[in-house]
Amino acid sequence: MATTGMHQHDTGSRGESHGGGIWVSSWTAFAAVMMIFGGAMAIFQGIAAIVKTDVFVVTRNYAYTFDMTGWGWIHLVLGVLVVLAGVALFRGAMWARVTGIVLAGLSMIANFLWLPYYPVWAIVLIAVDAFVIWALCIGARDSRDAMGTRDTMGTRDARDARIP
């Protein structure tokens with residue numbers, strides 16, 4: 001194995017496994033860091049809603065009205081799960097990538113429903129979650145490229161061009 005930058009390249013035979021190594025693609029690392037920060041912000045948001053419900057202004061006649069303490073627990077639990085998935089992404093595991101996409105989507109929905117209570121914070125977290133989903137989806141393509149299925153020009157790997 002030769003490691004260049006943050007990509008792990010396989011320089012061995014075709015029979016070697018391409019399992020998740022310690023290093024991940026730069027987009028996956030970006031998504032992991034954003035998930036950790038976004039999850040931490042959701043944790044603080046949840047704690048604020050649990051401890052002191054009068055911090056947030058409750059809008060009257062909102063279609064998705066919930067108890068502030070309930071919202072706090074939702075954001076707290078979701079934030080912890082997002083942070084844990086973000087940490088797991090640094091290992092490059094596919095399950096962590098899929099879990100990250102699902103959790104970022106759930107976080108986007110929760111923050112959309114949270115808009116009337118704290119609009120600026122909710123919009124920031126929706127944007128963070130959108131970037132996470134994008135980076136995880138684009139990172140999957142980059143990780144396939146890093147594993148030797150393509151070179152930088154989009155042509156087949158030199159190992160595939162060998163005559164048997």
Side-chain angles (χ1 to χ4, degrees), residues 1-10 16-58 62 64-149:
M1 295 284 200
T3 305
T4 307
M6 289 197 64
H7 295 282
Q8 181 180 21
H9 297 283
D10 181 16
E16 289 186 88
S17 169
H18 292 298
I22 294 175
W23 302 105
V24 294
S25 74
S26 56
W27 286 118
T28 304
F30 170 79
V33 170
M34 293 300 284
M35 283 183 74
I36 291 168
F37 285 131
M41 290 191 300
I43 289 170
F44 292 134
Q45 182 178 8
I47 290 171
I50 292 168
V51 173
K52 195 164 178 136
T53 58
D54 60 346
V55 169
F56 302 101
V57 177
V58 179
Y62 181 55
Y64 306 108
T65 304
F66 296 103
D67 178 45
M68 291 304 291
T69 304
W71 267 121
W73 282 107
I74 289 170
H75 284 283
L76 181 65
V77 169
L78 195 56
V80 168
L81 292 174
V82 168
V83 168
L84 292 175
V87 170
L89 274 172
F90 281 113
R91 294 292 299 169
M94 182 55 81
W95 68 265
R97 182 182 306 276
V98 172
T99 302
I101 291 170
V102 169
L103 287 174
L106 290 174
S107 180
M108 284 179 83
I109 293 168
N111 284 301
F112 173 76
L113 297 174
W114 183 258
L115 274 170
Y117 301 107
Y118 213 76
V120 175
W121 189 282
I123 290 171
V124 167
L125 288 177
I126 288 170
V128 166
D129 292 329
F131 279 122
V132 165
I133 291 171
W134 175 78
L136 289 176
C137 290
I138 195 76
R141 186 188 70 200
D142 289 347
S143 66
R144 283 194 308 268
D145 291 347
M147 287 190 293
T149 56

Heavy-atom closest pair, residues Ala135 and Ala31: CB-CB, 3.8 Å
Inter- and intrachain pairs under side chain to side chain donor-acceptor pair (under 3.5 Å), touching residues 30-43, at least two apart: none
Trp95 and Val98: CA distance, side-chain angles, deciding distance, side chain to side chain contact (heavy atoms under 4.5 Å, CB included) verdict: CA-CA 5 Å; Trp95 68 265; Val98 172; 5.9 Å; no
Non-neighbouring partners of Ile74 that pass side chain to side chain contact (heavy atoms under 4.5 Å, CB included), sequence neighbours left out: Trp71
Nearest non-hydrogen partners of Met68 and Trp114, listed with the distance: CE-CH2, 3.6 Å
Atom of Leu115, atom of Ala122 and distance for their closest heavy-atom approach: CD2-CB, 3.8 Å
Atom pair CD1 (Ile47) and CH2 (Trp73), whose distance is rounded to the nearest 0.5 Å: 9.0 Å
Non-hydrogen atoms of Gly86 and Ala32 that approach each other most closely: O-CB, 3.3 Å
Straight-line distance of Leu76 CG to Leu81 CG, nearest 0.5 Å: 9.5 Å
From CG (Leu125) to CE (Met41), nearest 0.5 Å: 4.5 Å
Which atom of Gly79 lies closest to which atom of Ala42, heavy atoms considered: CA-CB, 3.9 Å
Reported NE2-to-OH distance for the pair His75 and Tyr118, which is rounded to 0.5 angstrom: 12.5 Å
Distance, nearest 0.5 Å, that separates CD1 of Ile133 from CG of Leu136: 8.0 Å
Evaluation steps, side chain to side chain contact (heavy atoms under 4.5 Å, CB included), between Phe90 and Val33: CA-CA 9 Å; Phe90 281 113; Val33 170; 3.8 Å; yes
From Lys52 atom NZ to Thr69 atom OG1, the distance as rounded to the nearest 0.5 Å: 13.5 Å
Closest contact, heavy atoms only, Val128 versus Met34: CG1-O, 3.7 Å
Side-chain donor-acceptor pairs of residues 103-111 under 3.5 Å, sequence neighbours excluded:
| residue | atom | partner | partner atom | Å |
| --- | --- | --- | --- | --- |
| Ser107 | OG | Asn111 | ND2 | 3.3 |
| Ser107 | OG | Asp129 | OD2 | 2.7 |
| Asn111 | ND2 | Ser107 | O | 2.9 |

